[in-house]
Amino acid sequence: MMIAQELGIYVVESKRGAILCLLLSLLCLGTWPALMALLERRGRLPQHTYLDYSITNFLAAIFIAFVFGGIGESTHEAPSFITQLTQIQDNWPSVLFAMAGGVGLSIGNLATQYSLAFVGLSVTEVTAASITVVVGTTVNYFLDNGLNRADILFSGVGCFLVAVCLGSAVHSSNSADIKAKLGKLSGDCETVTPEECQRLFGVEEEEEEKEMENVKEGSAAFLIALENKRAIKVLGKSMVVGLGITFFAGLSFSLFSPLFNLATNDQWHTLKQGVPKLIVYTAFFYFSLSCFVIAVALNISFLYKPVLDSPRSSFREYLSDWNGRGWALAAGLLCGFGNGLQFMGGQAAGYAASDAVQALPLVSTFWGIYLFGEYRRSSTRTYALLVGMLVMFTVAVGLLMASAGERETRFT
């Protein structure tokens, strides 16, 4: 499945090995957003969480690059990761593509941490993943010169679009269910302030922990207790803001895979004749480096100038905030290894097929239901739509993986 050719690097060559990488990537990339959402719902500031996440995400990239990119001896045809770091004067165009992809991922992840609070885990992941697939997969297919089977690949893209429609219907139906649960309040849910909710339901701030434990998941009292506890207050705010952030995140995500494809395969022939293409591990290092720098810079600024009415903080407060830090660090590792596995599988089977990991809402929805009680005590219509969405996502990921080709491993 995976072999360390006598090349000095670890290369995934077989279709079976590529699919295994993509499945493991799917599990990792579907789990880390759930951990981020969990911490926000427990009251931890997203700026603190994302700074912790960024550190381990970059450490995962360094580990992958040094371990898998440094096996054996380096050759001119297949240089090792360390060797390529010293060749930046020759391969800088590909390095810039990789770093641009990292910027796209960083901005997309940054937007995601806020959209998770505004529109929920399932809707965020479904919408962002669908935009990524429709835009990114199409671009990757043409960049790879039709490496994947078009009939199967675009059938999978079509299934993603159907799943998106079903996901929107799930969100609409679930919103109606929530409004019905909060029907005791005067006015509809979107016009109710947290203070009114707290007064009418009798949930005192000091009793939030006890209230969350005692009320039933999915009930109106649970929703109010959650609002009082979480870091970003969303009840009574327009859903348009959250959906706008989610679409922006999806567009950002759709760019990073094609840019990484260009970095490793040089389809636009930006490298001089005889200059080796970037190996996956070198590209992933530069990709993660720019992702880390952008994430740290933006989140430190958000500590002092928060957005979307988030609480203000400071770097000192961040350093002293150990509440949930372990989960945030774990989220970064999961995302880092998930991205690395996606790129390793994509280099072997085609980056269009590697976008099958955008079926990660299958995993995220499971965690949303299991951890957060999403869709608990919802209507039969909501459950039927939810099942339909998950079925279409399952078919879609199967089709994208079935479209995988086998790329000839050449570095020059």
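Source: prediction; values computed, not measured. For this chain, numbers begin at 1 and follow the sequence in order.
- Partners of Val157 under the side-chain contact (heavy atoms from CB on, under 4.5 Å) rule, at least two apart in sequence or in another chain, are Val133, Val134, Thr137, Phe154.
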Can you give each donor-acceptor pair under 3.5 Å made by side-chain atoms of residues 91-99, sequence neighbours left out, with the distance rounded to 0.1 Å?
unit_1	atom_1	unit_2	atom_2	d
Asn91	ND2	Gln84	O	3.4
Asn91	ND2	Gln87	O	3.4
Ser94	OG	Ala263	O	3.4

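- Listed for the Arg42 side chain is no donor-acceptor partner under 3.5 Å among the backbone atoms of Ala231.
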**Item:** Trace of the salt bridge (Lys or Arg N to Asp or Glu O under 4.0 Å) decision for Arg316 with Asp321
**Value:** CA-CA 9 Å; Arg316 178 175 294 181; Asp321 181 11; over 6 Å; no

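- Between Cys335 and Asn339, some side-chain heavy-atom pair lies under the 4.5 Å cut-off.
- In this structure, Leu303 and His48 have side chains that are in contact, with non-hydrogen atoms separated by less than 4.5 Å.
- Thr264 and Ala283 make their closest contact through CG2-CB, 3.6 Å (heavy atoms, listed as atom of the first residue, atom of the second, distance).
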**Report entry** Verdict with reasoning, Ile62 to Phe66, per side-chain contact (heavy atoms from CB on, under 4.5 Å)
**Finding:** CA-CA 6 Å; Ile62 293 175; Phe66 275 97; 3.5 Å; yes

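- Note that CZ of Phe285 and CZ of Phe63 are 15.0 Å apart. Values are rounded to the nearest 0.5 Å.
- With rounding to the nearest 0.5 angstrom, the OG atom of Ser254 is 7.5 Å from the CD1 atom of Ile131.
- Although no hydrogens or angles enter the test, the distance criterion places no donor-acceptor pair under 3.5 Å between the side chain of Glu40 and the main chain of Arg230.
- Here CE of Met392 is found 10.0 Å from SG of Cys165. Values are rounded to the nearest 0.5 Å.
- By the 6.0 Å and 45° rule, Arg312 does not stack over the aromatic ring of Phe302.
- Closest approach of Ile245 and Ala111 over heavy atoms only: CG2-O, 3.2 Å.
- Proximity of Leu39 to Pro46: side-chain heavy atoms (C-beta onward) are nowhere separated by under 4.5 Å.
- Annotation: the span from Phe337 atom CZ to Ile64 atom CD1 amounts to 5.0 Å, rounded to 0.5 Å.
- Side-chain contact between Phe256 and Val103 is absent, with no heavy-atom pair separated by less than 4.5 Å.
- Asn299 places a side-chain N or O within donor-acceptor distance of the main-chain N or O of Ala295, the cut-off being under 3.5 Å.
- Between the side chain of Asp266 and the backbone N or O of Lys277 there is no donor-acceptor pair closer than 3.5 Å.
- Judged by distance alone, the side chain of Ser288 and the main-chain N or O of Phe284 form a donor-acceptor pair under 3.5 Å.
- Considering CG of Leu385 and CG of Leu166, their distance stands at 6.5 Å, rounded to 0.5 Å.
- Minimum interatomic distance between Cys28 and Gly338 (heavy atoms only, all atoms of both residues): CB-CA, 3.8 Å.
- Between the side chain of Ser252 and the backbone N or O of Phe248, at least one donor-acceptor pair lies under 3.5 Å.
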- [ ] Before giving the answer on side-chain contact (heavy atoms from CB on, under 4.5 Å), spell out for Arg325 and Arg44 the whole-Å C-alpha distance, their side-chain angles and the decisive distance to 0.1 Å.
- [x] CA-CA 9 Å; Arg325 174 158 285 164; Arg44 194 168 198 253; 3.6 Å; yes

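- Remark: the backbone N or O of Cys291 is paired with a side-chain donor or acceptor of Ser106 at under 3.5 angstrom.
- Side-chain atoms of Leu35 and Leu334, non-hydrogen and from C-beta on, do get closer than 4.5 Å to each other.
- Side-chain contact between Leu105 and Asn109: present, with at least one pair of heavy atoms (C-beta onward) separated by less than 4.5 Å.
- Remark: the backbone N or O of Ser257 is not paired with any side-chain donor or acceptor of Asn261 at under 3.5 angstrom.
- With rounding to the nearest 0.5 Å, the separation of OG1 in Thr31 from CG in Leu26 is 8.5 Å.
- In this structure the side chain of Asn57 never reaches within 4.5 angstrom of the side chain of Leu333, judged on heavy atoms.
- When all heavy atoms of Ser313 and Leu45 are compared, the pair lying nearest together is CB-CD1, 3.6 Å.
- For Ser310 (side chain) and Pro306 (main-chain N/O), no donor-acceptor pair under 3.5 Å exists by modelled atom type.
- The shortest non-hydrogen separation linking Leu341 to Ser25 is CB-CB, 3.8 Å.
- None of Leu110, Leu298, Val296, Thr112 except one satisfies the side chain to side chain contact (heavy atoms under 4.5 Å, CB included) rule with Tyr50; the exception is Leu110.
- Of all heavy-atom pairs spanning Pro276 and Leu271, the tightest one is O-CD1, 3.7 Å.
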When you look at Tyr318 and Asp52, which way does the side-chain contact (heavy atoms from CB on, under 4.5 Å) test go after all the steps?
-> CA-CA 9 Å; Tyr318 157 68; Asp52 288 334; 2.6 Å; yes

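- Between Tyr304 and Phe315, the gap from one ring centroid to the other reaches at least 6.0 Å.
- Here the side chain of Ser314 pairs a donor or acceptor atom with the backbone of Glu317 at under 3.5 angstrom.
- Side-chain contact between Val387 and Tyr383 is absent, with no heavy atoms from C-beta onward closer than 4.5 Å.
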